[in-house]
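Data block below; observations after.
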There are 2 protein chains.
Amino acid sequence: MQLDNTLIALADPTRRAILERLTQGAAKVTEVAAPFPISLNAISKHIRILERAGLVQRRISGRDHMLSLNQQPLDETAAWIEQTRAFWTSRLDGLEALLKAEDALTKAKGKK
Amino acid sequence: MQLDNTLIALADPTRRAILERLTQGAAKVTEVAAPFPISLNAISKHIRILERAGLVQRRISGRDHMLSLNQQPLDETAAWIEQTRAFWTSRLDGLEALLKAEDALTKAKGKK
DNA sequence: ACAATATTCAACCAAAAGGTTTAATGTATT
DNA sequence: AATACATTAAACCTTTTGGTTGAATATTGT
């Protein structure tokens, strides 16, 4: 699924760093890889995973591969997580309220 | 990192389904596992990963382990992703605006 | 034509993920 | 005490992940 691939892609610090680099503008593979202490090949693989998630796009011109961000999967994932978060909030708060109400009821009965 | 563990935990459909089940209220491991077509042991492992992320908490009473949701890591991850999303939006829109401005400038020069 | 550059491919490795099955452990029930 | 139940532990398997090194491919610059 798309959500899976995006979350997987985001779940690695090196890949998040690559994305952060690309917020400064499009860059070639070599340029992206330069600051990292791992091999170019390792970065190349990370980029493939980011592409699988659709977070990164590639435009080949000659021997250079220009990489750029694509926002859509991030938007979709943000929407999913925010929706889930809101749902949890309502459920967990609702449950808390329910427990308090029951507690109040129990005390009221005890008084009688 | 905490963000890593949370994203990893969320990046699997079985684990997301477990979380969804727990929004209906706390449940024992067996109860959580029941609807899934995989072994109880597999579910047990998934739960461990959810616990590592702090998304699920366990309260042991006798032989039963009651599982419940903990919202905090989800909130933090939602905050991170929303922040990132907003940043991308400003950057990418800003870049687009810049390109349009440059284009307009070029055309203006051409006219002269 | 030759050398340098940019990138991937291929083969390999160790560790983790996601699953299985078969114990083992502790707690209830009868 | 014997049995059933809830859960994890252990050992194993296969695939994926994150990394390596060395070769292949294609493009650019001299």
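Protein chains get the first letters and strands the later ones, always in sequence-line order, with residue 1 at the start of each.
Listed for the A/Ser44 side chain is no donor-acceptor partner under 3.5 Å among the backbone atoms of A/Leu40. Of the possible polar contacts, one joining the B/Arg15 side chain to the B/Ile8 backbone as a donor-acceptor pair under 3.5 Å is found. Judged by distance alone, with hydrogens and angles left aside, the side-chain atoms of B/Arg21 form no donor-acceptor pair with the main-chain N or O of B/Val32 at under 3.5 Å. Proximity of a side-chain donor or acceptor of A/Gln2 to a complementary backbone N or O of A/Ala53 within less than 3.5 Å is detected. A distance-only check finds no donor-acceptor pair linking the side chain of A/Thr77 to the backbone of A/Leu74 [under 3.5 Å].
Near DNA chain D, meaning a heavy atom under 4.0 Å from it, residues 43-51 of chain A has A/Lys45, A/His46, A/Ile49 in order of number. Residues from residues 15-23 of chain B placing a heavy atom under 4.0 Å of any atom in DNA chain C, listed by number, are B/Arg15.
If you check every strand for non-hydrogen atoms under 4.0 Å, A/Leu40 touches a base. Contact annotation for A/Asn41: base contact, defined as any heavy-atom pair under 4.0 Å involving a base atom.
Between C/dC9, D/dA6, D/dA10, one nucleotide has an atom nearer to the side chain of B/Lys28 than all others, and that is D/dA6. Distance from the side chain of B/Thr14 is smallest to C/dG19 among C/dG19, D/dG22, D/dG18. Relative to the side chain of A/Ile8, the nucleotides D/dT17, C/dG18, D/dT20 differ in distance, and D/dT17 lies closest.
Side-chain nitrogen and oxygen atoms of A/Ser39 include at least one within less than 4.0 Å of the OP1 or OP2 phosphate oxygen of D/dT20. The phosphate of C/dA17 (OP1 or OP2) has a side-chain N or O of B/Arg52 nearer than 4.0 angstrom.
Between the NE2 atom of B/His65 and the P atom of C/dG26 there is a distance of 11 Å, given to the nearest Å. Atom-to-atom, CD1 of B/Ile38 to P of C/dG18 comes out at 10 Å; the value is rounded to the nearest Å.
Residues B/Leu55 and B/Leu10 are in side-chain contact: their nearest non-hydrogen atoms beyond the backbone lie under 4.5 Å apart.
Evaluation of the side-chain hydrogen bond (donor to acceptor under 3.5 Å, both in side chains) rule for B/Asn41 yields no partner, not counting sequence neighbours. Under the rule for a salt bridge (charged side-chain N to carboxylate O under 4.0 Å, His left out), B/Lys45 has no partner lying at least two apart in sequence or in another chain.
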Protein N or O to nucleotides 25-27 of chain D N or O, pairs below 3.5 Å:
{"from": "D/dT27", "atom 1": "O2", "to": "A/Arg63", "atom 2": "NH1", "distance (Å)": "3.4"}

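To the nearest 0.5 angstrom, B/Asp93 atom CG is 13.0 Å from B/Trp88 atom CH2.
Of all heavy-atom pairs between A/Leu7 and B/Ala11, the closest is CB-CB, 3.6 Å.
Between B/Val29 and A/Pro37, it is B/Val29 whose nearest contact on DNA chain D lies nearer the 5' terminus.
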Table please: side-chain donor-acceptor pairs of residues 65-72 of chain A below 3.5 Å, with sequence neighbours left out.
{"from": "A/His65", "atom 1": "ND1", "to": "A/Arg58", "atom 2": "NH1", "distance (Å)": "2.9"}
{"from": "A/Asn70", "atom 1": "ND2", "to": "A/Gly54", "atom 2": "O", "distance (Å)": "3.1"}
{"from": "A/Gln71", "atom 1": "NE2", "to": "A/Asp75", "atom 2": "OD1", "distance (Å)": "3.4"}
{"from": "A/Gln71", "atom 1": "NE2", "to": "B/Arg85", "atom 2": "O", "distance (Å)": "3.1"}
{"from": "A/Gln71", "atom 1": "NE2", "to": "B/Thr89", "atom 2": "OG1", "distance (Å)": "2.6"}
{"from": "A/Gln72", "atom 1": "NE2", "to": "A/Glu76", "atom 2": "OE2", "distance (Å)": "2.7"}

